[in-house]
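Just so we're on the same page: letters track the sequence lines, and every chain starts at 1. All values reported here derive from a predicted model rather than from experimental measurement.
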Amino acid sequence: MIRVGVIGLGRVGMLHLMNSLKIKGASVVAAADASKSALAKARSLGVKRLFEDYRKLLNSSSDMDAVIISLPNYLHFESVKLALEEGFNVFVEKPLALTLEESGEIVKLVRESGRKLMVGHCLRFLEVIRKMKESLDKGVIGRLEVATLEEVINGPFAHPRTPTPVSEWWFDPRKSGGGALFDIGYHMIDLFRFFAGDADVVFASLDYKFNLPVEDGAILILRSKEGSVKGIINVGWYQQTIFPRYNFRVILHGNAGFLSSDHLVPHNLYLHAAKEGFKNLLRKVAGRRIRYLSYTYYYEPFYQELEHFFNCIKKDLDPMVSVEDGLKTVELIRQAYTLADNNSCKE
Amino acid sequence: MENVVALVRTCDLMEEIRDFVFESLKLIDFKPSGRVGSVVIKPNLCYYWDADTGYTTDTRVVAGIIDWVRENCGDVDIKIVEADASAMRTKLAFKVLGYENLAKEKDVELFNLSEDVLVDRAVKVNGREISFKVPKILLESDLFINVPKLKVMKIVKITCAMKNLFGCIGTPRKVVYHKFLNEAIVGINKVLRPHLTVVDGIVALGRHPIKLGLLIAGTSPFAVDWVASQIMGYNPSSIKFLEIARREGLGKPENMIVKGEEISEFAKIFPKEGIISTGSLWTLQFWFLKTYQRLVGDVIPSILEE
């Protein structure tokens, strides 16, 4: 049994907690959050040990195997560092940390500690991305030439049916690390690396439509290290969309064909939800294990990434998303910010 | 007394929107009564969605009003005001929605109504006593200008002149009034009496945003809403808060005159809400999800919850 502590119970942290409770062979023994209502919800889900200060959780829970960290970005470094020093395996939501220096120090700590650390690059687990990667690796579209990746959504303004207040740390670059590029560009850069390998940023343009200290839109061009694959990234926080509307797509252009995520995702998410919900109902009636969150399509990876991480701990395997993947993504984002500041292209 | 409501067709150019604001006020022959020393302008800032989404008042309309005030009232103290809401923080909304830039450009002040001295006011509507915390500034200003957006709203069908005053309540958790929202809208309109209403319908919101290219001006929020509801495809008598307002003496439909463009010109292109509103669909979807969760034990991400 993997015994888990969940640190940070915001929207994503609470989802991690609920998923951990459903994963076979895992149990949530403790949770921490500054919000009393979040802790009350965790209690109602059966979590016994609750802390307002995550440091107390880390200092007093030697019976845990792993912690899941979903704190605001500026707390990633100190919480990950403390968790590794206390000897826990760590799953940390993206970004790995705010800066290259912090990320580098975490890489060093992971190597020294011998613990596992996985960063929540959840889109790698999305069904459509896995299918595209498989087809690419099989050579279905020949040699990859260009990948276009885009996600234009609400970012921190995302809300359920009723709007909710936005935490102000999002708009302080010292706390968030950046805006739309650091938030969702992070995923697109990671996906480019997933498809094309290591890369450099050769062009970066940032937008500030919201008059905030952080960018609300970014367009980047990347080039793979070996030089042949170009990536075009377009991300933004400026679009008013409420899930299940989700403006995300990847197109892989090869010399023998192309793959577009738009062709491979469910065209109608309501029908998809009905179909998957019905299948789960049948599984339940037949006494079989259900496929958690499959009805949402886009939230299923949150379950799968944790299941994968727990499996890596159990079987002593390397996680599919390494600490180095986190470091390299932060590195490319910092490259992009430098290029955008200099308002120039890299030769 | 007759209530004049003006409909003016606009285009999308900055300089011309100012002219359209002037034209709309000329059509209703608006003149402030008495000496004007202080002016408050209340746009509708809705969450952090900008004017092109159909949710928030276009800064260009407010800019035109500021110009009109300066030309007609001289160098007076002008404040653009808004109050915090359950989910929206005024300070951030002013920045994100371009009002901070407008204030700098026009040299006017931005003012958070939730930080003002709040005065207790109680009124009776439909036999129900309703109390509000009302920002003092709105009761004391010489010229109070209401600048709502033209849009549909799931609970009370339309949100325009009268509903925008509901946004003036100083306490952020206005959701407490939602169980009797029709009465609360009428109640706050009994307490707050703007001298002028200019509706931004340049981009309006129905089933989806639409470039309607319209400004509506009037001195009675009731009369403005009576006209606006027809543009949005409703029979005004079917709007409950308008009917209550009529009974409570806030306006009379028979005393209205519409000047400028025809209502039908805008009504025919406005994307009316379907028979099943987005809100009802969401409620239905949530009910299915909860039932599914009870039966199967699956996880529901909070983003899909109410």
Side chain / backbone / both / neither for [X] at chain A, heavy atoms under 4.5 Å:
{"X": "B/E100", "value": "neither"}
{"X": "B/F288", "value": "neither"}
{"X": "B/I300", "value": "both"}

Quick one: which of [options] has the most heavy-atom pairs under 4.5 Å with chain B, could you say?
{"options": "A/D216, A/L15, A/V12, A/T164", "answer": "A/T164"}
{"options": "A/Q240, A/E168, A/K284", "answer": "A/Q240"}
{"options": "A/K22, A/M14, A/H159, A/M18", "answer": "A/H159"}

Per-residue contacts, residues 162-175 of chain B versus chain A, heavy atoms under 4.5 Å: none
Non-hydrogen contacts under 4.5 angstrom with chain A: give the residues of residues 80-99 of chain B involved, or none if there are none. B/S86, B/A87, B/R89, B/L92, B/K95, B/V96, B/G98
Are side-chain N/O atoms of A/N154 and B/Y48 paired as donor and acceptor at under 3.5 Å? no
A/N211 side, atom CG; B/N101 side, atom CG - distance, nearest 0.5 Å: 4.5 Å
Does atom [atom1] of [X] have more than 12 heavy-atom neighbours from other groups under 6.0 Å away?
{"X": "A/K275", "atom1": "NZ", "answer": "no"}
{"X": "A/R174", "atom1": "CZ", "answer": "no"}
{"X": "A/N268", "atom1": "CG", "answer": "yes"}
{"X": "B/K133", "atom1": "NZ", "answer": "no"}

Would you check if A/Y238 and B/D50 make a side-chain contact, meaning some heavy-atom pair closer than 4.5 Å? no
Under 4.5 Å from a heavy atom of chain B, the part of [X] involved:
{"X": "A/Y303", "result": "neither"}
{"X": "A/R283", "result": "neither"}
{"X": "A/I290", "result": "side chain"}

Within the distance-only criterion (no hydrogens, no angle test), does the side chain of B/D298 pair as donor or acceptor with the backbone N or O of A/L293 below 3.5 angstrom? yes
What one should report as the nearest heavy-atom pair of A/Y299 and B/P301 is CG-CG, 3.8 Å
Between B/V299 and A/Y295, which heavy-atom pair has the shortest distance, and what is it? O-OH, 2.7 Å
Could you label the plane-to-plane angle of the B/Y47 and A/F157 rings as parallel, tilted or perpendicular, counting under 30° as parallel and over 60° as perpendicular? perpendicular
